[in-house]
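In what follows, chains are A, B, ... by sequence order, proteins preceding strands, each numbered from 1.
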Amino acid sequence: MTAESLPPPAANELPLGQPKTRLLLSARNITKRFGGLIAVNDISFDIPEGSIVSLIGPNGAGKTTFFNIIAGIYDPTSGRILVNNRTMVARPIRTWLEPFVWFLPAVVVGILSGIAVFSVNDTSVAFIGGALTLAALIVMLLAAVARPARYQRLIGRIGIFRSARPNDMVSAGIGRTFQNIRLFQNMTAEENVLVGMHIKLKAQLFDAMLSTPRNRREEITSRERAEELLRLVGLRGVGGELAKNLPYGDQRRLEVARALASDPSLLLLDEPTAGMNPRETSDMMALINKLRTELGLTVLLIEHDMKVVMGISDRVTVLDHGERIAEGTPDEVRRNPRVIEAYLGAPAS
Amino acid sequence: MTAATGRLNGLRNGPTWSRIRAFAGVHRSTTVIAAMAIVAVLLPVLALIPPFSVFQPQLVWVNGFSNAGVFVLLALGLNIVVGMAGLLDLGYAAFFAIGAYTYAYGASPFSGVHAPFLAMLVLGALTAATFGVLLGAPTLRLRGDYLAIVTLGFGEIVPIVFLNSDKFTEGTNGIGGLYPPSLPGVEFDLLNPWPFYLLMMVIITVVMVLIYRLQESRIGRAWMAIREDELAAASNGLNTVTTKLLAFALGASTAGLAGVFNASKLTLVSPDQFLSQVSFSVLAMIVLGGLGNIWGVALGAFIIYTIQVVLLKQMNTFFESLQVPILQDINFVQYQFLLYGLALVIMMLFRPEGLFPSQRRKRELHTQTGDAEAEAANILEEGAL
């Protein structure tokens with residue numbers, strides 16, 4: 001059975017009896033190939049605002065690949081991902097044109113100043129022309145790495161599409177955690193959260209160097225906010241501890257706090273209970289529920305353990321061998337024969 | 001917050017040393033300025049006391065100190081790039097050269113311009129930063145080894161460009177007769193090392209204060225995070241390329257400052273002052289001093305430069321005067337790179353974090369976890385699923 005034979009995910013069928021709920025994120029026909037291996041095959045997937053959606057499947061089903069595409073780490077082979085109705089991730093188009101955009105202004109300015117030097121025949125003109133050429137080059141290179149909105153619009157108009165990078169997804173309001181904890185090990189818990197807060201802080205180079213009042217105020221408020229976030233995830237008073245010295249369960253919580261620091265509207269959790277004992281697992285689930293009820297967060301959970309997600313998910317999607325084999329409420333999915341087959345194997349016949 | 005209150009408690013209860021440490025933790029800039037003032041007074045006094053006074057007269061020492069200051073500045077700048085942001089830059093001398101040549105064009109009979117010294121300091125730093133951006137923007141997407149190779153190439157190219165464009169740089173001869181620094185109310189005389197020494201101390205103090213503030217700001221944390229785990233940093237919203245580019249530009253601008261000072265002190269710039277030996281010396285200095293620790297790299301640079309320039313020379317004269325067989329025939333200065341190599345090997349074996357390590361670096365090097373190889377394996381693993 002291929003993905004085409006499955007009913008397409010109609011927007012009104014997803015949120016439970018709330019047809020008008022906005023889609024925060026929508027993945028359309030995502031396919032990802034690694035060489036000959038099709039890791040994800042034509043998956044469509046919607047995340048309505050305010051819900052907890054889960055993606056489950058046995059090991060190697062393509063969950064993490066799909067997750068990494070949403071998080072901006074991989075570009076999909078085909079298909080696209082819309083965040084708030086804007087295409088953020090898709091196969092890049094005409095990126096070979098981009099270097100021309102970087103160098104064209106400098107070349108034009110260079111030629112013009114060359115003409116000016118020949119007609120005026122003055123060394124100071126050559127000097128100014130050289131400086132202008134260099135300036136044009138620097139401005140475009142800086143634009144290319146910082147990618148401000150104006151630059152994005154410019155290359156969009158030329159028809160270049162660049163898939164979002166992980167940091168672009170964070171700016172678009174998507175926070176994530178990792179399956180294998182990736183904290184900044186040698187930084188304190190507080191510093192970890194402060195790094196997560198980075199894009200929300202405004203202090204620029206000169207604020208920091210001159211230690212302006214604005215910078216000092218911001219440092220104080222950001223530390224208070226970090227303390228608050230740590231308390232929210234249940235880590236009171238460990239702000240000064242090094243991340244790597246925290247117990248395993250606390251490290252997972254710290255990762256959640258760090259992801260929350262950028263004020264995301266959608267939180268992506270990649271196997272948040274991997275390696276946890278049953279008690280820690282149920283604590284983590286309680287925390288995720290709390291995030292939805294108290295902060296109004298939307299959550300995408302990725303799990304290979306079905307039991308974990310059944311209690312808190314609104315919708316569950318099941319992947320196996322890169323294909324979607326089932327989609328529905330936890331109860332529907334639990335009874336689906338194909339899901340049982342994928343997890344337990346086909347009955348002998 | 002807990003750390004800060006802990007510090008305040010220390011201020012009230014602890015003995016003198018911990019009281020000073022607590023004060024330093026809270027009033028960083030004041031401490032740096034006070035410490036540099038003490039150093040600036042102490043160094044010339046030390047030069048009057050045996051055994052230092054035996055080596056050479058005080059004025060020669062003071063002159064040597066301001067030369068050492070150039071390397072301290074270079075070390076401080078390279079520490080931003082290598083120690084804080086974790087980017088291996090093997091062509092750092094290129095920015096030193098760019099700063100120096102900027103001064104040569106801005107204040108010499110060669111170009112016919114004589115811009116004020118302070119303006120040239122700023123301009124030299126800006127020019128070097130510009131070239132840092134030019135080099136960094138296309139290359140900072142590269143990882144580890146590849147970046148090192150590109151910077152190595154850049155470090156080789158820059159002196160060669162200065163060497164071969166005779167028309168603009170006088171080639172091998174270099175540009176001579178540069179104007180010495182000019183500051184209102186201060187007479188800079190090439191025979192009097194004191195004004196140079198004091199100027200150097202002021203520059204180092206300012207640079208150190210700025211770097212300390214950066215390190216403890218949002219930007220410093222971002223560098224640290226990128227050094228620890230680039231993928232996690234990007235996934236937390238950091239634009240890794242701009243953040244790394246900033247480290248690169250700031251490192252380059254510090255080298256530019258050093259270049260301007262050095263050019264104005266020597267009143268000569270020539271391509272052979274900026275060969276790759278300079279890059280490697282500075283790298284060795286910061287590794288020996290303690291990567292990531294601002295005071296550590298400054299001290300490392302100072303000590304190594306002094307050993308290299310004063311001690312090795314004195315060993316020659318010492319053994320010659322005693323007529324020691326074999327030893328008197330060795331020219332120790334020639335063997336400085338052999339000694340660097342030995343020192344580095346010994347350090348890596350017994351104290352990889354450097355002589356004066358930062359607490360953080362020490363933790364990193366003395367654990368089994370956080371291994372770069374394992375991190376890379378993790379990324380591959382995620383991709384394989």
Derivation and outcome, side chain to side chain contact (heavy atoms under 4.5 Å, CB included), residues B:Arg218 and A:Gln204: CA-CA 8 Å; B:Arg218 158 181 184 263; A:Gln204 291 306 316; 4.0 Å; yes
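Contact count against chain B (heavy-atom pairs under 4.5 Å) is highest for A:Val145 among A:Val145, A:Ile199, A:Asn215, A:Val40. In terms of non-hydrogen atom pairs under 4.5 Å with chain A, the most contact-rich of B:Val209, B:Leu134, B:Leu140 is B:Leu134. Most heavy-atom pairs under 4.5 Å with chain A: of the set B:Val241, B:Leu214, B:Leu245, B:Leu246, this distinction falls to B:Leu214. The choice from A:Leu137, A:Thr188, A:Asp168, A:Leu210 that makes the most heavy-atom pairs within less than 4.5 Å of chain B is A:Leu210. When each of A:Glu191, A:Lys32, A:Arg147 is checked for heavy-atom pairs under 4.5 Å with chain B, A:Glu191 comes out on top. Of the listed residues (A:Gly175, A:Pro99, A:Ala203, A:Ala144), the one with the most heavy-atom contacts under 4.5 Å to chain B is A:Ala203. Of all the listed residues (A:Val170, A:Val195, A:Asn167), the one sharing the greatest number of non-hydrogen pairs under 4.5 Å with chain B is A:Asn167.
The contact between A:Leu242 and chain B is made entirely by side chain atoms (from C-beta outward), counting heavy-atom distances below 4.5 Å. Looking at B:Ile211, neither its backbone nor its side chain comes within 4.5 Å of chain A, counting heavy atoms on both sides. When heavy atoms are compared at a cutoff of 4.5 Å, B:Leu250 approaches chain A solely by way of its side chain, counted from C-beta outward. With a threshold of 4.5 angstrom between heavy atoms, A:Ala146 approaches chain B through its backbone and through its side chain. With a 4.5 angstrom heavy-atom cutoff, A:Ser211 touches chain B via backbone and side-chain atoms both. Contacts of A:Glu255 with chain B are absent, with no heavy-atom separation under 4.5 Å from either backbone or side chain.
Heavy atoms from other residues, nucleotides or ligands lying under 6.0 Å from OH of A:Tyr248 number more than 12. When the shell of 6.0 Å around CZ of A:Phe103 is examined, it contains more than 12 heavy atoms from other residues, nucleotides or ligands. Other residues, nucleotides and ligands contribute over 12 non-hydrogen atoms within 6.0 Å of the CZ atom of A:Arg231.
Between B:Arg221 and A:Leu201, the closest side-chain pair of non-hydrogen atoms falls below 4.5 Å. When side chains are defined from C-beta on, A:Glu219 does not count as touching B:Glu216, because their heavy atoms never get closer than 4.5 Å. With contacts defined as side-chain heavy-atom distances shorter than 4.5 Å, the pair A:Leu183/B:Asp229 does not qualify.
A:Leu141 and B:Ala137 get closest at one heavy-atom pair: CB-CB, 3.8 Å. Between B:Arg213 and A:Ala208, the shortest heavy-atom distance links the atoms CB-O, 3.3 Å. The two residues A:Phe184 and B:Ala225 have their closest heavy-atom pair at CE2-O, 3.5 Å.
B:Glu228 contributes a side-chain N or O that, together with a main-chain N or O of A:Gln185, makes up a donor-acceptor pair within less than 3.5 Å.
Taking non-hydrogen atoms and a 4.5 Å limit, the residue list of residues 104-111 of chain B in contact with chain A is empty. Contacts with chain A (heavy atom to heavy atom, under 4.5 Å) involve these residues of residues 233-240 of chain B, listed by number: B:Ala233, B:Ala234, B:Ser235, B:Asn236, B:Gly237, B:Leu238, B:Asn239.
Here the CD1 atom belonging to A:Ile138 is positioned 5.0 Å from the OG1 atom belonging to B:Thr130, to the nearest 0.5 angstrom.
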